[in-house]
There are 2 protein chains.
Amino acid sequence: MSNFDVKQEVTDKYSLRGRVFHKLRDDILNGKYQEHEELKEMTIGEEMGVSRTPVREAFRQLELEGLIQIIPNKGAYVTGITEKDVKDIYMIRSLLEGLCARWATEHITKEQMEEMEENVYLAKFHAQKGHLEQLAELDNRFHDIMYEACDSKMLEHQLKDFHQYVLRVRKKTLSSINRGPKSNEEHEKIMEAIKAGNADLAEQLAHEHMINAYENMVKCGLHEVYARQDAVQETIDPKVKK
Amino acid sequence: MSNFDVKQEVTDKYSLRGRVFHKLRDDILNGKYQEHEELKEMTIGEEMGVSRTPVREAFRQLELEGLIQIIPNKGAYVTGITEKDVKDIYMIRSLLEGLCARWATEHITKEQMEEMEENVYLAKFHAQKGHLEQLAELDNRFHDIMYEACDSKMLEHQLKDFHQYVLRVRKKTLSSINRGPKSNEEHEKIMEAIKAGNADLAEQLAHEHMINAYENMVKCGLHEVYARQDAVQETIDPKVKK
DNA sequence: CTTCTGAGGATTGTATACAATGATACGAGA
DNA sequence: TCTCGTATCATTGTATACAATCCTCAGAAG
């Protein structure tokens with residue numbers, strides 16, 4: 001096993017810096033802070049009852065995670081994601097998810113396979129019942145299982161990173177439309193391909209799964225979601241650019 | 001143009017933190033610090049004449065860049081890269097470089113095209129003369145040009161990240177073997193495909209280019225390079241694992 | 001009325017002091 | 001001799017103090 005935890009997750013949830021990091025990340029992903037909103041070290045620190053030091057360190061990490069942008073001697077701003085960024089991410093992910101499915105086919109363990117089957121089964125149940133919340137949760141988990149099963153720390157980390165990026169956008173579309181059930185059907189096919197040991201098919205299906213997810217997102221209002229934000233961006237950009 | 005500088009480069013070269021970050025990164029990539037060597041905040045700070053604060057912040061960033069691993073309350077260690085990590089990186093890169101070549105074909109500017117042609121031409125010259133140092137430099141630059149030409153901040157950053165990872169390994173192999181000239185021939189073909197607007201071919205060639213680079217590396221002693229380090233790793237791992 | 005300028009305040013950048021944690025070594029007891 | 005506990009020290013984690021920078025806005029000059 002590799003001991004090379006590339007871009008290791010910030011697992012240190014119990015240090016102040018770790019707590020600040022995780023809380024800020026969640027807040028940004030959940031939309032508590034608007035895009036392009038300025039984050040002040042002191043304000044955040046006071047809110048969480050800590051000094052500026054751990055906040056600053058968390059900021060540096062969030063910057064590399066791509067969630068905020070720090071302009072020297074000026075401030076930290078929540079990053080905006082443009083329509084094109086989302087498209088690029090999905091194109092990149094479609095390739096990597098394919099590779100991941102291939103490797104997962106080759107390396108998945110018995111336990112992981114079982115969890116995957118359970119996941120698909122459960123999701124089918126919630127789809128029938130119309131439980132969108134649980135469906136979204138299971139959808140995320142399905143991908144995580146596959147990332148872990150591919151047995152590559154490098155790839156796993158890349159994909160988890162991307163997955164996180166699009167969560168901000170996905171939250172607004174997946175649960176609102178009936179992509180959920182369709183998505184799970186595709187999961188089932190991917191799972192079957194993996195179970196059958198058909199790496200080529202698994203790769204192909206996972207690849208298409210991402211393309212479909214993206215196209216559905218476009219069809220169901222990605223543009224609307226971003227229409228307002230792009231306008232805001234236009235006005236703010238010049239100032240931010242220093 | 002996107003204003004979303006994902007995982008933005010640490011461009012702040014003039015703050016102390018920025019300088020520490022860049023110097024440490026260079027030192028690690030250049031092998032000044034051994035893999036698994038412990039980096040002490042105070043020692044580094046004294047060497048560079050700064051306090052621990054900017055050093056700590058640089059550490060947090062280097063951790064997310066994957067160059068060091070920080071164990072809470074214990075220390076920062078230069079990460080090791082296993083043989084499998086290198087292989088995974090090249091497999092991932094082969095896909096992304098292909099995508100990059102495709103997008104570059106669609107978006108490359110006149111200036112970028114000219115620089116690319118110049119690059120190949122110059123490299124051909126240095127290859128004849130046996131200037132391995134310049135050849136390696138031009139090789140890096142060729143890829144950078146393509147990353148920029150693909151006109152995707154997301155993809156560009158991903159690839160630059162990976163490129164950097166393997167630099168540590170590549171330094172030991174590319175310049176030592178006669179891969180240089182062969183590599184440049186492949187660059188030329190990729191360039192021609194891009195110039196001809198043949199995206200499919202460019203993608204294919206760039207993909208193969210990576211595979212070839214990896215296979216050459218394996219053939220030319222990747223295993224030997226890592227034989228020693230893997231041994232060291234075995235002994236250090238348990239301690240590091242906390 | 002517009003434009004330049006500079007003083008003041010707000011915010012980030014860095015250094016230092018203190019707290020908490022982990023590693024080590026030594027000695028007592030079995 | 002071996003093991004366990006404890007004292008001590010080295011190192012990291014956090015808070016605070018101070019320095020540097022940037023932004024704002026009032027006021028003077030044109």
Side-chain angles (χ1 to χ4, degrees), chain A residues 5 8-24 33-34 36-64 67-79 235-242, chain B residues 5 8-24 33-34 36-64 67-79 235-242:
Chain A
D5 290 329
Q8 184 194 27
E9 307 258 330
V10 178
T11 52
D12 182 12
K13 297 205 179 190
Y14 303 105
S15 67
L16 293 188
R17 175 193 52 80
R19 287 217 298 273
V20 173
F21 176 86
H22 285 282
K23 175 146 185 11
L24 277 178
Y33 300 111
Q34 297 294 315
H36 304 106
E37 182 171 347
E38 182 170 1
L39 301 180
K40 296 200 176 67
E41 295 172 357
M42 206 140 62
T43 310
I44 303 289
E46 281 172 2
E47 275 177 18
M48 304 190 57
V50 301
S51 76
R52 284 174 55 216
T53 309
V55 176
R56 280 181 63 82
E57 292 182 10
F59 273 20
R60 300 297 172 204
Q61 300 190 288
L62 288 166
E63 179 180 34
L64 286 197
L67 293 175
I68 67 176
Q69 179 179 9
I70 296 176
I71 298 174
N73 288 310
K74 193 155 176 296
Y77 302 85
V78 178
T79 52
T235 32
I236 293 186
D237 236 13
K239 275 173 62 183
V240 170
K241 270 286 141 113
K242 182 181 183 178
Chain B
D5 291 330
Q8 186 193 25
E9 306 257 330
V10 176
T11 52
D12 180 12
K13 296 203 182 193
Y14 304 105
S15 66
L16 294 187
R17 174 192 53 79
R19 287 217 298 273
V20 172
F21 176 87
H22 285 282
K23 174 145 185 10
L24 276 178
Y33 299 111
Q34 297 294 315
H36 304 107
E37 182 171 348
E38 183 170 1
L39 301 180
K40 296 200 176 68
E41 294 174 357
M42 205 139 64
T43 311
I44 303 290
E46 281 172 2
E47 276 177 17
M48 305 190 58
V50 301
S51 75
R52 284 174 53 215
T53 309
V55 176
R56 279 181 63 82
E57 292 183 9
F59 274 20
R60 298 298 170 203
Q61 300 190 290
L62 288 165
E63 178 181 33
L64 285 197
L67 293 175
I68 67 175
Q69 179 180 9
I70 296 176
I71 299 174
N73 289 309
K74 191 153 178 296
Y77 302 85
V78 178
T79 52
T235 32
I236 292 186
D237 235 12
K239 275 173 62 182
V240 170
K241 272 286 145 123
K242 181 184 188 177

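Only this structure's heavy atoms are used, side chains among them; waters, hydrogens and symmetry mates stay out. Fair warning: this is a prediction, and the values are worked out from it, not measured in the lab. Lettering of chains follows the sequences in order, A, B, ..., and the numbering in each one begins at 1.
- Going from atom CD of A/E63 over to atom CZ of B/R60 covers 15.5 Å, rounded to the nearest 0.5 Å.
- Remark: P of C/dG22 and OH of B/Y77 are 12 Å apart, rounded to the nearest angstrom.
- At least one side-chain nitrogen or oxygen of B/S51 sits closer than 4.0 Å to the OP1 or OP2 atom of C/dA15.
- Side-chain atoms of B/V20 and B/F59, non-hydrogen and from C-beta on, never get closer than 4.5 Å to each other.
- The interatomic distance linking B/K74 (NZ) with D/dT11 (C1') rounds to 11 Å, in whole Å.
- The main-chain N or O of B/L67 is found under 3.5 Å from a side-chain atom of B/T79 such that the two form a donor-acceptor pair.
- Going from atom CG of B/N73 over to atom P of C/dT21 covers 7 Å, rounded to whole Å.
- In terms of phosphate contacts, A/R60 brings a side-chain nitrogen or oxygen within less than 4.0 Å of OP1 or OP2 of C/dG13.
- Rounding to the nearest 0.5 Å places CG of A/L16 at 15.0 Å from CZ of A/F21.
- Rounded to whole Å, the distance from CD1 on B/I70 to C1' on D/dT11 is 13 Å.
- Within the 4.5 Å cutoff, the side chain of B/I71 has heavy atoms near those of the B/Y77 side chain.
- For the pair B/V78/B/H36, no side-chain contact is recorded, criterion being any heavy-atom separation below 4.5 Å from C-beta on.
- For the pair B/Y33/B/I44, a side-chain contact is recorded, criterion being any heavy-atom separation below 4.5 Å from C-beta on.
- When the side chain to side chain donor-acceptor pair (under 3.5 Å) test is applied to B/K23, the partners found at least two apart in sequence or on another chain are B/D27.
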For residues 47-56 of chain A, dump all side-chain donor-acceptor pairs below 3.5 Å to protein atoms at least two apart in sequence or in another chain.
| residue | atom | partner | partner atom | Å |
| --- | --- | --- | --- | --- |
| A/S51 | OG | A/T53 | N | 3.4 |
| A/R52 | NE | A/E41 | OE1 | 2.9 |
| A/R52 | NH2 | A/E41 | OE1 | 2.9 |
| A/R56 | NE | B/E57 | OE2 | 2.8 |
| A/R56 | NH1 | A/E41 | OE2 | 2.8 |
| A/R56 | NH2 | B/E57 | OE1 | 3.2 |
| A/R56 | NH2 | B/E57 | OE2 | 3.3 |

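- Atom CG in B/L16 sits roughly 11 Å away from atom P in D/dT21 (whole-Å rounding).
- Heavy-atom distances under 4.0 Å link DNA chain D to B/L39, B/K40, B/E41 of residues 38-50 of chain B, given in residue order.
- Rounded to 10 degrees, the angle between the two end axes of the helix from C/dC1-D/dG30 to C/dA30-D/dT1 is 0°, with five pairs used at each end.
- Separating the CD1 atom of B/I71 from the C1' atom of C/dA23 is a distance of 14 Å, rounded to the nearest angstrom.
- Listed pair B/R56 / D/dG13 meets the phosphate criterion, a side-chain N or O lying under 4.0 Å from OP1 or OP2.
- Counting to the nearest Å, the C1' atom of D/dT14 and the CZ atom of A/R52 are 13 Å from each other.
- Residue B/E63 contributes atom CD, which lies 13 Å from atom P of D/dT12 at whole-angstrom precision.
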